[in-house]
Amino acid sequence: MIKKTLHAIAWRAERLLDRIKGQRDPRRIIEPYIGYANPDHIVVRGRVLTALRRNAPIPTQSRWVNFKQMFSLFLTDEVANVTVQSGQINAISDDEGYFTLLLPRDRQSGWVDIPVTIAGQTGQTLCPVLVPGGTARFGIISDIDDTVLKTGAYSLIRNLWNSLTGNALTRRIFPDAVTCLQSLSEGGRNPVYYVSSSPWNLHHFLDRIFDQADLVKGPKFLRDLGLSQTQFVTGTHGDHKGGAIDVLMAANPQLGYVLMGDTGQHDAMVYRDAVLRHPGGVMAVVLRKPGPGPDAQSRAAMDEIRNAGVPVLSAVDFIGVAQSIEAIAAQD
């Protein structure tokens with residue numbers, strides 16, 4: 001009862017503050033997110049804000065400066081009930097400023113830039129979308145923290161320290177992840193998607209880190225940590241990742257998928273459940289072993305995946321993974 005009361009108070013307070021901020025600041029800006037395609041639509045995604053928060057870090061700045069810059073990324077002024085449009089298709093931003101435009105799918109493939117405008121304003125924002133081509137052999141769905149980005153997410157304290165006191169120039173992408181995903185993507189032939197419990201506020205931050213490391217570009221499915229009308233934080237870690245996997249498998253029903261993650265954040269359990277929900281839809285599961293390695297629950301989940309007929313590749317790095325996946329793909 002107390003939790004429900006606190007949530008109701010927080011929800012109303014946030015709505016009131018949003019209305020006050022929206023009335024004070026008339027600016028409306030689109031932050032584009034990388035979209036994707038399903039059999040019927042090109043899915044364009046973004047968020048309406050009053051301003052874009054961007055940092056310009058330098059390698060030698062202190063961890064305190066890093067912390068202040070990272071904290072500022074969460075101080076977004078999102079704008080609800082704004083009409084955005086592309087061509088004749090409209091959408092309205094939700095309570096947290098997010099919008100999704102569903103455009104009819106045509107023959108375009110590869111990377112497509114979709115112009116999006118805010119109703120009543122001049123100018124447009126280009127929102128990138130990845131549309132897999134007909135020659136794609138399989139898809140790759142990868143976790144981010146401790147899978148491609150060194151974080152220490154298996155330890156809450158280490159995770160918070162690395163996430164909040166680093167910057168886009170100091171955060172490290174695993175070199176073996178870069179090599180592995182470049183090989184698996186085959187020059188963009190096979191689509192790569194990223195699923196993470198990191199908040200949408202870090203979308204541009206992660207883009208910068210990925211670009212600097214030459215990591216394969218792909219749509220990200222991040223998490224909304226804002227209040228919803230029914231709960232304090234929208235969805236759980238497992239629900240979010242599992243839901244994104246379901247969306248991507250439905251988006252590309254002709255493709256089998258390689259699921260890449262690590263053993264430090266229960267990815268084995270999330271991927272086991274995906275394997276059981278989508279028989280025949282998962283080609284292989286790849287798990288990095290960070291820190292202490294898998295616990296008993298993760299080991300049991302990995303055994304269940306193998307028992308379902310799906311290979312599990314698990315090691316401290318991804319060296320040799322691409323060759324193993326190629327051999328698995330050749331057998332299908």
Side-chain angles (χ1 to χ4, degrees), residues 28-49 52 82-94 96-119 121 123-142 144 148 181-182 184-196 198-211 214-224 240-241 243-255 257-258:
R28 303 291 183 265
I29 297 173
I30 292 175
E31 179 176 37
Y33 300 143
I34 302 174
Y36 63 100
N38 62 36
D40 299 316
H41 298 101
I42 291 176
V43 184
V44 183
R45 306 183 296 173
R47 195 177 191 186
V48 180
L49 306 169
L52 297 180
V82 173
T83 299
V84 297
Q85 54 196 35
S86 182
Q88 301 301 312
I89 307 298
N90 295 338
I92 298 176
S93 60
D94 67 13
E96 296 295 328
Y98 300 106
F99 67 84
T100 301
L101 285 162
L102 300 179
L103 307 185
R105 184 164 177 175
D106 53 26
R107 295 180 180 273
Q108 295 182 92
S109 64
W111 286 98
V112 181
D113 285 329
I114 303 297
V116 179
T117 60
I118 292 177
Q121 290 189 186
Q124 61 184 23
T125 299
L126 295 179
C127 295
V129 178
L130 176 61
V131 183
T135 62
R137 300 169 61 217
F138 52 84
I140 303 99
I141 300 175
S142 176
I144 294 179
V148 299
L181 285 172
Q182 286 177 343
L184 289 175
S185 73
E186 298 180 352
R189 177 184 184 182
N190 302 318
V192 177
Y193 306 92
Y194 298 95
V195 175
S196 172
S198 294
W200 282 106
N201 304 65
L202 299 184
H203 187 276
H204 180 263
F205 176 78
L206 291 171
D207 268 354
R208 286 190 62 185
I209 298 172
F210 284 19
D211 288 346
D214 202 23
L215 188 67
V216 176
K217 185 177 182 180
K220 298 175 184 62
F221 288 73
L222 306 181
R223 190 175 171 193
D224 175 18
H240 166 69
K241 284 190 174 181
I245 291 170
D246 292 346
V247 166
L248 288 169
M249 288 194 166
N252 302 289
Q254 78 282 10
L255 298 180
Y257 276 93
V258 177

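Quantities reported herein were computed from a predicted structural model and do not represent experimental measurements.
I92 contributes atom CD1, which lies 11.0 Å from atom CD of Q85 (distance to the nearest 0.5 angstrom). Here the CG atom belonging to D113 is positioned 11.5 Å from the OG1 atom belonging to T125, to the nearest 0.5 angstrom. Annotation: the span from S86 atom OG to L103 atom CG amounts to 5.0 Å, rounded to 0.5 Å. Interatomic distance, T83 OG1 to R28 CZ, rounded to the nearest 0.5 Å: 11.5 Å. Between I118 atom CD1 and I30 atom CD1 the span is 4.5 Å, to the nearest 0.5 Å. Here CG of D94 is found 8.5 Å from CZ of R47. Values are rounded to the nearest 0.5 Å.
Pairing each heavy atom of I34 with each of H203, the nearest pair is N-NE2, 3.5 Å. Considering all non-hydrogen atoms of both residues, P132 and S109 come closest at O-CB, 4.1 Å. For W200 against D224, the heavy-atom pair with the smallest separation is CD1-N, 3.8 Å. Taking all atoms of both residues into account, the shortest heavy-atom contact from L202 to S198 is CD1-CB, 4.3 Å. Nearest approach of S93 to G97, heavy atoms of both residues: CB-O, 3.5 Å. Among all heavy-atom pairs drawn from G46 and Y33, the shortest one is CA-CD1, 3.7 Å.
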Is there a side chain to side chain contact (heavy atoms under 4.5 Å, CB included) between I140 and F138 once you walk through the steps? CA-CA 7 Å; I140 303 99; F138 52 84; 3.8 Å; yes
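Annotation: side chain of V148 is in contact with side chain of F210 (closest heavy-atom distance under 4.5 Å). Here the side chains of T135 and R189 are in contact, with some heavy-atom distance below 4.5 Å. F221 is listed as a side-chain neighbour of L248, based on a closest heavy-atom distance under 4.5 Å. Between L101 and C127, every side-chain heavy-atom pair lies at or beyond the 4.5 Å cut-off.
Atom CD of Q254 sits in a crowded spot, with more than 12 heavy atoms from other residues, nucleotides or ligands closer than 6.0 Å.
For Y194, there are no side chain to side chain donor-acceptor pair (under 3.5 Å) partners two or more places apart in sequence or in a different chain. Scored by the side chain to side chain donor-acceptor pair (under 3.5 Å) test, K220 finds D207 as partners (sequence neighbours excluded). Partners of R105 according to the salt bridge (charged side-chain N to carboxylate O under 4.0 Å, His left out) rule, which considers only residues two or more places apart in sequence or in another chain, do not exist here. Applying the side chain to side chain donor-acceptor pair (under 3.5 Å) test to Q182 and every residue at least two apart in sequence or in another chain returns D214. Taking N252 as the reference, Y193, Y257 meet the side chain to side chain donor-acceptor pair (under 3.5 Å) condition, with sequence neighbours excluded.
Of the possible donor and acceptor atoms, one in the side chain of N190 sits under 3.5 Å from a partner among the backbone N and O of L184.
When each of D106, L130, L102 is tested with I42 by the rule side-chain contact (heavy atoms from CB on, under 4.5 Å), just one qualifies, namely D106.
Contacts classified as side-chain hydrogen bond (donor to acceptor under 3.5 Å, both in side chains) and involving residues 34-45 (residues at least two apart or in different chains) are not found.
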